[in-house]
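Here's the structure, in structure tokens; my notes come after.
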Amino acid sequence: MKIATYNINNVNRRLPNLLAWLKRARPDIVCLQELKAADEAFPQAELRKAGYHALWRGQKTWNGVAILSRKPPILTRKALPGDPGDTQSRYVEAAIDGLLIGCLYLPNGNPQPGPKFKYKLDWFRRLQTHARKLLKSGAPVVLAGDYNAVPTDFDIYSMNSWKDDALVQPQTRAAYAKLVTQGWTDSLRALFPDKPMYTFWDYKRRRWERDAGLRIDHLLLSPSLSTRLKKGGVDREERGREGASDHAPAWIELR
DNA sequence: ATGTCGTTAGTATAACGA
């Protein structure tokens with residue numbers, strides 16, 4: 001079973017890229033982030049035609065998450081618990097084919113310090129709480145998405161112009177590490193301990209051309225799934241295509 | 001400090017988020 005996460009950076013603008021990639025990569029399940037589309041603007045019909053069911057929580061202009069799947073999904077959550085006042089569309093969760101899939105878009109948090117960074121850390125804490133409950137349930141869980149967290153200096157081409165960025169701050173890294181040490185497996189790092197495995201290249205300053213990337217999209221596996229991890233990768237070539245998102249799809253295959 | 005890309009408000013450009 002192939003599971004992918006892809007920050008699509010506007011699902012309607014990138015729809016041709018998305019459809020072409022789905023055809024090439026043939027994933028069974030895809031977590032999408034940054035739909036940047038209201039619920040009613042989600043391209044459900046086109047994706048259905050391409051063979052995918054979808055569950056989504058959209059939002060005009062910003063955020064928005066979706067889960068695509070070849071088999072019909074069962075919605076389990078449309079928001080991360082812990083703050084009923086949080087109106088941003090950043091989490092959707094579903095049961096598909098014996099798995100529980102959490103699709104998340106963690107806040108960027110820039111500029112830091114400030115209210116946006118506080119929101120990021122608060123959101124991270126809520127994710128830790130929810131993730132701990134999922135682990136305790138014993139269910140086979142994949143938590144996939146754009147974490148907006150660079151786990152270590154090895155996950156970035158250079159720290160020089162990112163020192164003050166929310167993605168690399170010690171608090172961000174500590175929050176990610178604390179989450180993983182609950183018992184999750186960072187699949188791509190587990191499969192490739194010696195390769196950076198970047199998933200994002202900023203549009204600015206020719207960062208794609210220079211391979212100045214960051215690894216911020218992650219697929220975390222609960223213990224029962226970590227033993228089923230067979231293959232994984234990043235479809236880097238998607239980042240180089242015409243009209244591409246600034247992220248590339250990251251994927252795994254489970255036995 | 002800057003870079004890029006796209007959206008929004010609201011009609012030309014500036015601000016904003018990522």
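Per chain, numbering begins at 1; letters A, B, ... match sequence-line order.
- Going from atom CG of A/Asp202 over to atom C1' of B/dG17 covers 12 Å, rounded to whole Å.
- We find that CG of A/Asn9 is positioned 11 Å from C1' of B/dT4, with the value rounded to whole Å.
- Rounding to whole angstrom units, NZ of residue A/Lys204 and P of B/dA1 are separated by 14 Å.
- Rounded to an integer number of Å, the gap from CD of A/Gln59 to P of B/dA18 is 10 Å.
- An OP1 or OP2 oxygen of B/dT7 is reached within less than 4.0 angstrom by no side-chain nitrogen or oxygen of A/Thr61.
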Run A/Arg90 and A/Gln59 through side-chain contact (heavy atoms from CB on, under 4.5 Å) and show every step you take. CA-CA 9 Å; A/Arg90 295 182 175 278; A/Gln59 186 178 328; over 6 Å; no
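- Here the nucleotide nearest the side chain of A/Asn108, chosen from B/dT4, B/dA18, B/dG3, is B/dA18.
- A straight line from CZ of A/Arg205 to C1' of B/dC5 spans 16 Å, rounded to a whole angstrom.
- Between A/Asp97 and A/Lys71 there is a salt bridge, with a side-chain nitrogen of the basic residue lying less than 4.0 Å from a carboxylate oxygen of the acidic one.
- At the heavy-atom level, A/Lys116 lies under 4.0 Å from the strands shown only through sugar-phosphate atoms.
- Across all strands shown, A/Arg13 has heavy atoms under 4.0 Å from sugar-phosphate atoms exclusively, and none from any base.
- Atom pair A/Asn63:CG and B/dA18:P shows a separation of 7 Å (rounding to whole Å applied).
- Counting non-hydrogen atoms under 4.0 angstrom, A/Asn10 reaches the backbone sugars and phosphates but no base.
- A gap of 14 Å separates the P atoms of B/dG10 and B/dC16, to the nearest Å.
- Nucleotides B/dA1 and B/dA12 have their C1' atoms positioned 26 Å apart, rounded to a whole Å.
- To the nearest angstrom, C1' of B/dG17 lies 13 Å from CG of A/Asn7.
- A salt bridge is absent between A/Arg189 and A/Asp194: the closest approach of a Lys/Arg side-chain nitrogen to an acidic carboxylate oxygen does not fall below 4.0 angstrom.
- Relative to the side chain of A/Arg14, the nucleotides B/dG6, B/dT4, B/dA18 differ in distance, and B/dG6 lies closest.
- Heavy-atom contacts from other residues, nucleotides or ligands closer than 6.0 Å to CZ of A/Arg206 number 12 or fewer.
- Nucleotide B/dA1 holds its C1' atom 13 Å from the CG atom of A/Asp164, rounded to whole Å.
- Ring geometry, A/His218 versus A/Tyr147: the interplanar angle falls from 30° to 60°, so the pair is classed tilted.
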